[in-house]
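Just so it is clear: chains get the letters A, B, ... in the order the sequence lines come, proteins before strands, and each one is counted from 1.
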There are 2 protein chains.
Amino acid sequence: MRVSELVQRTGTPLATIKYYLREGLLPAGRSTAATQADYTEEHVRRVAVIRALSEVAGLPLAKIRQVLAVIDVPGDDLFAALGTAVGALPPYPREQGDDLPRARAAVERLGMRWDPDYPAAAQLEHALAAAEAAGLPPTGERLDAYGRAIGALAEYDIRAMPHGAGSAVEYAVLGTALYEPVLLALRRIAHQDAARRLLEGSAERPGERPPAG
Amino acid sequence: MRVSELVQRTGTPLATIKYYLREGLLPAGRSTAATQADYTEEHVRRVAVIRALSEVAGLPLAKIRQVLAVIDVPGDDLFAALGTAVGALPPYPREQGDDLPRARAAVERLGMRWDPDYPAAAQLEHALAAAEAAGLPPTGERLDAYGRAIGALAEYDIRAMPHGAGSAVEYAVLGTALYEPVLLALRRIAHQDAARRLLEGSAERPGERPPAG
DNA sequence: TGACTTCGGATAGTACAGGTATCCAATATA
DNA sequence: TATATTGGATACCTGTACTATCCGAAGTCA
């Protein structure tokens with residue numbers, strides 16, 4: 001197909017397509033003449049992935065480039081590829097000491113084995129430190145509740161993972177990135193639902209709207 | 001305390017403090033003279049909250065301003081305040097039809113009562129549409145697994161919510177925003193842990209690093 | 001008292017991300 | 001042949017979040 005069709009199929013402006021080509025996010029089409037190139041279904045899908053990672057997962061284009069590179073050429077070490085690819089996902093905590101005291105305490109409490117060098121470890125430390133600084137440190141009880149729920153979820157994700165090396169990397173990266181927003185949106189809706197159920201029958205005054213938080 | 005101390009206590013540059021004052025995120029100190037003002041512990045905490053919402057939760061300052069305004073003056077309708085405040089949190093899906101077919105199907109499958117006008121509903125629709133466009137539509141099985149886990153989590157959050165109106169809003173907003181990154185980091189660590197457990201004993205070749213996805 | 005520092009307040013500038021817009025000459029296509 | 005489209009290059013724009021500089025008044029220390 002020609003660019004115009006790619007534009008129409010993906011709903012992405014031509015200028016943006018050209019920008020992605022310039023930035024190396026989108027491979028060039030097969031050149032059929034000096035002013036003509038041929039694009040495929042792969043290009044359509046690639047644009048969809050780029051926009052999903054950008055708009056929904058909030059990745060900066062530089063990171064999307066890294067992620068796509070790993071998906072394209074996973075190499076022979078599946079686990080290294082998974083680590084690289086998922087490590088490229090946001091957020092990106094600035095470097096700090098190798099201490100990670102809060103993260104260490106949390107993960108050990110939950111009985112998980114972990115690798116402190118894995119970027120998620122620094123993310124966890126950063127997030128816990130911020131919650132503490134804002135005056136909302138996690139109670140042990142809350143950590144337990146979160147750990148149980150998240151553990152079940154993660155186990156499902158891993159069990160459902162495909163077996164081929166290339167598809168596993170793609171599944172892990174896109175699944176991690178694209179299902180995070182799903183998770184967060186579900187959480188907010190579940191909050192609303194839980195609040196309604198728990199407060200229904202308690203001291204709700206007539207005319208009041210059900211809680212939304 | 002004087003500005004210099006606020007700078008030192010929060011680790012935030014003076015120029016940035018001034019910027020927050022200009023932008024109305026931080027209330028001015030009590031003016032003691034034309035070139036002197038007095039800041040309190042409240043200011044220290046407020047800066048910590050701003051930075052946590054900005055760096056960890058990724059909120060743009062404009063949204064932080066809205067969130068802080070609701071925390072400061074929750075008004076008399078707790079539920080409206082909760083809705084407004086949590087609705088100000090990212091991501092911000094662009095407007096679309098009132099249809100939300102994917103979100104509706106998902107939420108109904110999970111047996112949750114929901115309000116399609118709540119921003120999280122549009123977020124869910126957007127996230128599911130993106131996953132679908134990228135070639136990873138959710139299976140019913142996955143939705144069930146996510147719903148069970150998230151439902152348990154949300155129920156804990158609501159049960160642990162404080163009862164006063166002002167503190168409930170602050171808890172809901174900061175808890176929603178600040179614990180999202182905690183959740184996501186835990187999920188990635190749990191993935192790693194689950195992958196290790198499930199693959200240990202299976203066809204793992206020696207010398208291979210444990211999975212990181 | 002006087003040098004030096006700090007402060008509030010205002011304004012201007014910077015750095016980066018993520019596009020948009022325009023122009024050109026070479027083709028396609030009708 | 002007339003018109004539209006394309007690849008390629010370059011310039012430009014918009015928004016966000018700061019960062020830097022300057023000023024004149026006021027506090028602080030010797």
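As judged by a 4.0 angstrom heavy-atom cut-off over every strand, B:Ala37 is placed among residues touching the sugar-phosphate backbone only. Using a 4.0 Å heavy-atom cutoff across all strands shown, B:Arg22 reaches at least one base atom of the nucleic acid.
Looking at the side chain of A:Gln36, the nearest of the listed nucleotides C:dA28, D:dG24, D:dG27 is C:dA28. Of all nucleotides listed (D:dG27, C:dG19, D:dT6), D:dG27 comes nearest to the side chain of B:Ala33. Picking from C:dG9, D:dT6, D:dT19 the nucleotide with the shortest atom distance to the side chain of A:Thr35 gives D:dT6. Nearest to the side-chain atoms of B:Lys18 among the listed nucleotides C:dC7, D:dT6, C:dG9 stands C:dG9. Closest to the A:Arg2 side chain, of the nucleotides C:dC7, D:dT6, C:dG19, is D:dT6.
Rounded to whole Å, the distance from CG on B:Leu26 to P on D:dA17 is 16 Å. B:Leu14 places its CG atom 13 Å from the P atom of D:dT21, with the value rounded to the nearest Å. Spacing between atom CE of B:Met1 and atom P of C:dC7 amounts to 13 Å, rounded to whole angstrom units. As rounded to whole Å, 12 Å separates atom P of D:dG7 from atom CZ of A:Arg30. Here C:dA17 presents its P atom at 17 Å from CD1 of A:Ile50, a figure rounded to the nearest Å. Distance A:Glu23 CD to D:dA9 P: 13 Å, rounded to the nearest Å. B:Leu6 has its CG atom 11 Å from the P atom of C:dC7, to the nearest Å. Atom NE2 of A:His43 is separated from atom P of D:dG7 by 10 Å (rounded to the nearest Å).
Within 6.0 Å of CZ on A:Arg65 lie more than 12 heavy atoms contributed by other residues, nucleotides or ligands.
Toward the 5' end of DNA chain D, the nearer of the two residues B:Ala15 and A:Val3, judged by each one's closest nucleotide, is A:Val3.
For the OP1/OP2 pair of D:dA11 and a distance below 4.0 Å, the side-chain nitrogens and oxygens of A:Tyr19 include no atom meeting the criterion. For A:Ser4, a side-chain nitrogen or oxygen approaches OP1 or OP2 of D:dT6 to under 4.0 Å. Look at A:Tyr20 and you won't find any side-chain N or O under 4.0 angstrom from OP1 or OP2 of C:dG18. Within the structure, every side-chain polar atom (N or O) of B:Ser31 is placed at least 4.0 Å from both OP1 and OP2 of C:dG8.
Closest heavy-atom contact between B:Pro27 and B:Arg46: CD-CG, 4.4 Å.
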*After noting the C-alpha distance and the side-chain angles of A:Arg104 and A:Glu108, does the key distance pass the salt bridge (charged side-chain N to carboxylate O under 4.0 Å, His left out) rule?*
CA-CA 6 Å; A:Arg104 177 177 302 280; A:Glu108 278 171 6; 3.8 Å; yes

*Apply the test salt bridge (charged side-chain N to carboxylate O under 4.0 Å, His left out) to residues B:Glu23 and B:Lys18: give CA-CA distance (whole Å), side-chain angles for both, the deciding distance (0.1 Å), then the verdict.*
CA-CA 9 Å; B:Glu23 293 293 310; B:Lys18 285 186 169 189; over 6 Å; no

_The test is side chain to side chain donor-acceptor pair (under 3.5 Å); show your working for A:Asp144 and B:Tyr156 and say whether it passes._
CA-CA 10 Å; A:Asp144 291 342; B:Tyr156 173 83; over 6 Å; no

